[in-house]
Visitor: 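My structure is below; once you've seen it, I'll send some questions.
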Amino acid sequence: MRKYHFKNCNELQMNAITELQRLLPFTISSDGICVELENTESGLAVDSTEEGYKIKFSSLHTLFRGIFLLYAKGDKKDLHITQECSFKDFGIMLDVSRNAVLKTETIKDIVLHLALLGYNSLQLYTEDTLEVENEEYFGYMRGALTGEEIKEIDNYCKLFGIELIPCIQTLAHLNQITRYERYDKIIDYADILLVGEERTYELLENIFKTASKHFTSRNINIGMDEAHMVGLGKYLDKNGYRNRFDIMLEHLKKVLELCDKYGFKPRMWSDMFFRLVSGGDYYNTQIDGEVKELFDKIPKEVKLIYWDYYSLDSSRYENNLKLHKKISDNVGFAGGAWKWTGFAPDNLFSIKTGEQSMKACKNVGTDSFLLTCWGDNGAEASVYSILPSIYYYAEEAYSNEFEKDSFLSLTGIDFDDFMKLDLPNRIMEPSDYDRNNASKFLLYNDLLIGTFDSLVFDKIDEAYEKNAMELKEICQKTDRYGYLFDTLYKLCDVLSLKAKLSLDLKAAYDKNDRQMLLEIKDAVLPRLISKLDSFYDSFFYQWHKENKSFGFEVQVVRLGGLKTRMEYVQKRIEQYLRGEILKIEELEIPRKPFSYFETLDNNKIIYNLWNVIVTPSVM
């Protein structure tokens, strides 16, 4: 284990460096290698000296990145590293609103990773998962973060020079509160708040008041994205039709008054302004004439965040950033670390898009870059599963040159090995980075209904078996992250048996191959249920290690329902073979190709809505 003696180190810095030992196996000792610390005006430098090393740093977060680089590369002779972050505000956003509310200890551990990589901000995305004063049902039974938890996280972030920024919703995406009558009264349509209603602004003021009390930062993300039907529900009934751009501006003005009252500097997702003037399109708006006049009304104090997680073409990002800069000089960008389409991440696609979006941001001169880590439809994927993406974006931000080697020092696992967490979805051909979430829709593809059967290719079972063995191998290489690989190994193990079972079942039924049906009932399905139980146990461990228990009830229903459905299939086959029923109705119907999307290649299909994957019936 390496020993370091830090010279010119104040008490605050030493407290933080001591915490870094939780991730990096070094000790602080007076007889260790001398590491001299020196403040500089900008950037970061790590150099060899006659005594040992010198780290020149311009801020706390560059200091800790410097220590990480020293640890990762300090065995080289004549070490000389100079770096500067391309962005003034360089952060990530953790989604704690899609059922998985991260434990305080998990968030603090992620903060350690961010500190070592040189990030300087962290946003916690809370729709209703924040306990709000005077709103007793806001976040009720959802694992909402308490004021004390926020303060603890905030203080820990400050130790490393990381700004903890509240990320709330002030217009849409508040679907979980609509079940309560007191909130349904102020819902315009679906999950969108009713603009102009006194109770709406009472709720929002309570949120701002709570945020101002528990967060140190005076920056805030006020959301306001994807409110597609704003003004077309209760608002329309009450006020008649109004220009919806004006409705957005009216609401924004009210929200900005609350920001001003509680001392917040606002930022917001920019999509709705573009969608409202272009018939719903976010990416191809032209700003001229009347559109320019409308955009000129957007208050300049709001930082507009252009979000885009999808393109492999830097020109698209660059063109849209330039469009934003026609509206305002106060513009930021948000990319995505893909962990929101099921149990497995898509680090490769995250990196491919990041390569292009970062290039565009640097070319245009954007000073704010946010990496979002969403958790749509249940937040099944581990927050740690996207560590390769988080690492990659930091490398691109600081060095303009991606090097894998230091990742081993951060995690104890080789970068390419960690990337194998993508394997549950790396089964389609031909492209190795066309995104899909096959592991989710094939897991829940019903054995009798077979909605996704046409997407199953020959030898898919062998592909999953191979991927399962690769993931299992890595489990033994790490104690700290082994459970991530164990969970996804067991998912692939389930799919090695299940992915094509619905096709085999249908084929056996159509041929009246009673011996095969008997084998499926007595041998295959029991093995599959056993594998599913094993996957459930690993996933149970992963969830409760990282998250509060709230929200896991959804996974119990989903996976428990899947198991019960398998048992149902066993029973129906048995009834059929005994002659108790003359047919299995679902298997009588000829299979049609998957057609929810008819214009996408099979290897590009992402279908993430469990309730629609699992059945064509009403849920």
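We count residues from 1, following the sequence as given.
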Visitor: Have a look at Tyr309 and tell me which of Phe349, Trp338, Trp340 forms a ring-ring contact (aromatic ring centres under 6.0 Å, His included) with it.
Guide: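 Answer after filtering Phe349, Trp338, Trp340: Trp340.
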Visitor: So, taking the atom named CD1 in Ile613 and the one named CG in Asn437, what distance separates them when rounded to the nearest 0.5 Å?
Guide: 6.0 Å
Visitor: Report yes if some heavy atom in the side chain of Met93 is under 4.5 Å from a heavy atom in the side chain of Trp374; otherwise report no.
Guide: yes
Visitor: Determine whether the side chains of Thr104 and Glu152 contain a donor N or O and an acceptor N or O closer than 3.5 Å.
Guide: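 Looking only at side-chain atoms, Glu152 and Thr104 do not form any donor-acceptor pair under 3.5 Å.
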Visitor: Step by step, work out the salt bridge (charged side-chain N to carboxylate O under 4.0 Å, His left out) result for Asp154 and Lys151.
Guide: CA-CA 5 Å; Asp154 194 293; Lys151 285 178 180 177; over 6 Å; no
Visitor: Given the ring of Tyr483, does Lys545 sit roughly above its face, with NZ or CZ under 6.0 Å from the centre of the six-membered ring and within 45° of the axis?
Guide: yes
Visitor: Determine whether more than 12 heavy atoms belonging to other residues, nucleotides or ligands lie under 6.0 Å from atom CD of Glu553.
Guide: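 Result for CD/Glu553: enclosed.
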Visitor: Please tell me whether Tyr137 and Tyr183 form a close aromatic pair, meaning their ring centres lie under 6.0 Å apart.
Guide: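 Not under 6.0 Å, so no.
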Visitor: List the atom of Ser385, the atom of Ala381, and the distance in Å for their closest heavy-atom pair.
Guide: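 The pair with the smallest heavy-atom distance is OG-CB, 4.1 Å.
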Visitor: Could you walk me through whether Glu105 and Lys108 pass the salt bridge (charged side-chain N to carboxylate O under 4.0 Å, His left out) check?
Guide: CA-CA 5 Å; Glu105 283 306 310; Lys108 288 165 68 175; 3.4 Å; yes
Visitor: Would you kindly check if the NZ (Lys) or CZ (Arg) of Arg514 is within the cone defined by 45 degrees around the ring axis of Tyr576 and under 6.0 Å from the six-membered ring centre?
Guide: yes
Visitor: I'd like to know if Lys490 pairs up with Asp486 as an ion pair, taking the criterion as any Lys NZ or Arg NE/NH1/NH2 lying under 4.0 Å from an Asp or Glu carboxylate oxygen.
Guide: yes
Visitor: Compute whether any side-chain donor of one residue and acceptor of the other, for Ser311 and Gln356, lie under 3.5 angstrom apart.
Guide: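 The answer is no; no qualifying pair exists.
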Visitor: Report yes or no: do Asn221 and Gln123 form a side-chain donor-acceptor pair below 3.5 Å?
Guide: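 Their side chains do contain a donor-acceptor pair, which is all the 3.5 Å distance test asks for.
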Visitor: Quick check on Tyr140: does its OH atom have over 12 non-hydrogen neighbours (other residues, nucleotides or ligands) under 6.0 Å away?
Guide: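 Atom OH in Tyr140 is not crowded, with 12 or fewer foreign heavy atoms closer than 6.0 Å.
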Visitor: Checking the side chain of Tyr393 only, and the main-chain atoms of Gly354 only, is there a donor and an acceptor separated by less than 3.5 Å?
Guide: yes
Visitor: Looking at His544, is its backbone amide N or carbonyl O close enough to the side chain of Lys103 to form a donor-acceptor pair, meaning the two atoms are under 3.5 Å apart?
Guide: yes
Visitor: Counting neighbours of CG on Asp479 that are heavy atoms of other residues, nucleotides or ligands and sit closer than 6.0 Å, is the number greater than 12?
Guide: no
Visitor: How long is the gap from OG on Ser389 to CE on Met419, to the nearest 0.5 Å?
Guide: 6.5 Å
Visitor: Are Phe535 and Phe343 an aromatic pair by the rule of ring centers under 6.0 Å?
Guide: yes
Visitor: Measure from the side-chain N and O atoms of Asp493 to the backbone N and O of Ala468, and report whether any donor-acceptor pair falls under 3.5 Å.
Guide: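 Absent.
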Visitor: Is there a donor in the side chain of Asp109 and an acceptor in the side chain of Tyr384, or the other way round, less than 3.5 Å apart?
Guide: yes
Visitor: Do we see a donor-acceptor contact under 3.5 Å between the side chains of Glu588 and Tyr509?
Guide: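 Present: a donor and an acceptor within the cut-off.
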Visitor: Mind running salt bridge (charged side-chain N to carboxylate O under 4.0 Å, His left out) on Glu465 and Lys500 for me, showing each step along the way?
Guide: CA-CA 12 Å; Glu465 190 173 348; Lys500 64 188 290 287; over 6 Å; no
Visitor: Out of Arg572, Lys571, Arg578, which one pairs with Glu574 under the salt bridge (charged side-chain N to carboxylate O under 4.0 Å, His left out) rule?
Guide: Arg578
Visitor: Could you tell me if Gln555 and Tyr536 have a donor-acceptor pair between their side chains, going purely by distance under 3.5 Å?
Guide: no
Visitor: Asp346 and salt bridge (charged side-chain N to carboxylate O under 4.0 Å, His left out): which partner among Arg435, Lys339, Arg426?
Guide: Arg426
Visitor: So how far is it from Ser350 OG to Ile386 CD1, rounded to the nearest 0.5 Å?
Guide: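 It is 7.5 Å, given to the nearest 0.5 Å.
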Visitor: If every non-hydrogen atom of Leu348 is compared with every non-hydrogen atom of Asp422, which pair is closest and at what distance?
Guide: N-OD2, 2.9 Å
Visitor: With distance as the sole test, does Ser530 use its side chain to make a donor-acceptor pair with the main-chain N or O of Pro526 at under 3.5 Å?
Guide: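 Not a single qualifying donor-acceptor pair exists.
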Visitor: Measuring centre to centre across the rings, with the benzene-like ring taken for any Trp, is Phe552 within less than 6.0 Å of Phe539?
Guide: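 They qualify: ring centres under 6.0 Å apart.
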Visitor: Does the ring center of Phe402 lie less than 6.0 Å from the ring center of Phe415?
Guide: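 Aromatic pair counts; centres sit under 6.0 Å.
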Visitor: Looking just at side-chain N and O atoms, do Gln169 and Asp225 make a donor-acceptor pair shorter than 3.5 Å?
Guide: yes
Visitor: Which atom pair, heavy atoms only, marks the closest approach of Glu546 to Thr106?
Guide: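 In terms of heavy atoms, the two residues are closest at O-OG1, 2.7 Å.
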Visitor: Any salt bridge between Lys477 and Asp417, counting N to O under 4.0 Å?
Guide: yes
Visitor: For a quick test of reading the model, state the closest non-hydrogen atom pair linking Tyr119 to Ile92 and the distance between them.
Guide: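 For Tyr119 and Ile92, the tightest heavy-atom pair comes out as CE2-CG2, 3.4 Å.
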Visitor: Checking the side chain of Asn175 only, and the main-chain atoms of Asp191 only, is there a donor and an acceptor separated by less than 3.5 Å?
Guide: no
Visitor: Taking atom types as modelled, is there a side-chain donor on Thr341 or Asn608 under 3.5 Å from an acceptor on the other?
Guide: no
